[in-house]
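Down below is the structure, laid out as structure tokens.
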Amino acid sequence: MSDTPGLAIETTGLSRRFGKHLAVDGLNLAVPRGAIYGFIGLNGAGKSTTIRMLIGLLAPSAGSVRIRDTELARDPVAAKARVGYVPDRPTAYPWMRVREVLAFCEGVIPSWSPTLASHLLKKYRIDPRSRIRSLSKGTGAKLSLLLALAHDPEILILDEPTDGLDPIARDEFFEEVLRASLDSPRTVLISSHSLQDIQRATDHLGFLHNGRLIFQGATDDLLSSTKRLRLMPQSPIDDGTLRKLSPDISHIAREGRAVTLTLRNFTPAAAESLRSASHSPVFDIADLSLDDAFKDIVKGMETTCS
Amino acid sequence: MAASDSNLPVFQQVADSIRHAIAAGVFAPGDAIPSVRAQSLKLKINPNTIQRAYEMLEREGIIESRRGIGMFVSKASEGPARASALESVREAFEHGIRTSIAAGLSRAATDSVYTKAWQRSGAKP
């Protein structure tokens with residue numbers, strides 16, 4: 001517990017280049033121990049590339065990954081032993097039976113626990129005699145979760161695990177992920193392109209956009225610090241003038257005379273000063289959903305960068 | 001007791017749903033409320049979020065923890081529950097009043113909307 005107590009995963013300047021394309025750009029991820037961390041980004045944002053570097057499947061072009069107190073590049077075996085990984089698509093051979101897959105894993109994963117595996121098999125109601133190809137998507141996802149958990153890892157990393165699952169299968173899957181996190185002091189990182197799917201299960205979020213981390217923090221803090229402010233300026237006021245009033249405006253929308261600002265680091269005082277500076281007699285403050293907060297931050301980035 | 005889908009932070013939605021359940025008599029003073037674990041698995045909500053909601057309700061005096069047993073609706077929950085109900089009503093009215101001002105409606109016109117809404121609700125005058 002010397003330098004970074006409390007972090008399960010930490011990356012410093014993590015980057016990955018594919019030819020000319022910088023897929024992941026200087027990521028400083030900080031995933032607290034015990035957190036359920038939602039790693040959110042649109043398709044192609046760099047989530048899978050990042051995850052593959054976290055689990056040591058892909059070497060970074062620059063930067064480093066720390067798993068608890070172990071530098072991944074320095075001691076990959078020790079670091080990887082702490083991590084369970086659920087890939088975005090099942091990796092088991094379709095012609096194999098479930099029990100053959102388990103026997104195979106037992107043979108290649110040193111810390112594999114046959115007791116834990118058979119316990120999870122019963123809990124997830126998976127028939128060991130089934131062929132992989134005959135499993136439903138929901139059961140396939142649970143089998144992937146079992147394969148990741150059977151060596152009782154301290155960190156569980158899931159890459160878009162609920163993609164393609166129906167709402168009931170998704171609910172069941174999340175229940176098992178929550179149970180895995182409640183049953184032992186485990187840290188979970190779960191990626192998704194849909195914030196709506198995973199926000200309730202998470203307590204921390206990181207937003208990835210074009211390979212860069214544009215927000216990282218506690219889920220509830222994001223909601224209480226990001227608000228929409230609706231103003232009715234008495235005379236027209238352009239976007240540039242508004243943006244000069246506050247660096248925290250992440251998005252501006254207009255409808256008729258009304259101007260709606262998305263504000264980061266919200267305080268009532270900041271709202272009041274924007275109201276008076278824009279000569280708006282009234283204002284209204286609205287909460288916004290996480291999905292909208294994410295979209296507004298992304299749109300705001302694009303406006304600022306262009 | 002599903003938490004609503006509003007845009008409030010999730011811990012507030014969870015706390016509100018418990019306040020409403022107590023107000024509606026689903027849980028009476030002295031009753032146990034579900035554990036953090038049970039609530040988390042049932043609602044598929046992060047356990048830390050449930051914990052934060054419970055801590056908020058405990059600070060408000062609505063629930064109390066009995067060590068080693070769990071959380072219970074406090075015997076004196078009526079006062080704090082009433083105070084937090086008044087707080088939500090105040091927020092709703094303030095929102096309505098701002099809407100009224102923005103639309104240029106008078107105080108009298110706004111009062112009459114309120115009076116009519118109260119009559120339509122069928123509650124005692």
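To the nearest 0.5 Å, atom CD1 of residue B:Ile50 and atom CZ of residue A:Arg200 are 8.5 Å apart. Interatomic distance, OG1 of A:Thr219 versus CZ of B:Arg52, reported as 9.5 Å (0.5 Å rounding). Between atom CD1 of residue B:Ile45 and atom CG of residue A:Asp203 there is a gap of 12.5 Å, rounded to the nearest 0.5 Å.
Within 6.0 Å of CZ on A:Arg179 lie more than 12 heavy atoms contributed by other residues, nucleotides or ligands. Open room surrounds CD on A:Gln196; 12 or fewer heavy atoms of other groups in view lie less than 6.0 Å from it. More than 12 non-hydrogen atoms from other residues, nucleotides or ligands lie less than 6.0 angstrom from CD1 of B:Ile69. When the shell of 6.0 Å around CZ of A:Arg230 is examined, it contains 12 or fewer heavy atoms from other residues, nucleotides or ligands. By the neighbour-count criterion of 12 heavy atoms within 6.0 Å, atom CZ of B:Arg107 is sparsely surrounded, having that number or fewer from other residues, nucleotides or ligands.
At a heavy-atom cut-off of under 4.5 Å, chain A is reached by B:His95, B:Arg98, B:Ile101, B:Ala102 from residues 89-102 of chain B, listed in order of number.
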- [ ] Take B:Arg37 and A:Asp183 through the salt bridge (Lys or Arg N to Asp or Glu O under 4.0 Å) test and state the conclusion after the steps.
- [x] CA-CA 10 Å; B:Arg37 182 192 167 85; A:Asp183 284 348; 3.1 Å; yes
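Residue B:Lys44 comes nearest to A:Asp171 through the heavy atom pair CE-O, 3.3 Å, listed as atom of the first residue, atom of the second, then distance. Counting all heavy atoms, side chain and backbone alike, B:Ser40 lies closest to A:Leu178 at O-CD1, 3.6 Å. Listed here is the closest heavy atom pair of A:Asp220 and B:Pro9: OD1-CB, 3.4 Å.
Neither the backbone nor the side chain of A:Glu176 has a heavy atom closer than 4.5 Å to any heavy atom of chain B. Neither the backbone nor the side chain of A:Leu222 comes within contact range of chain B; no heavy atoms are under 4.5 Å apart.
In this view, A:Phe294 and A:Phe207 satisfy the ring pair (Phe, Tyr, Trp, His ring centres under 6.0 Å) rule, not counting sequence neighbours.
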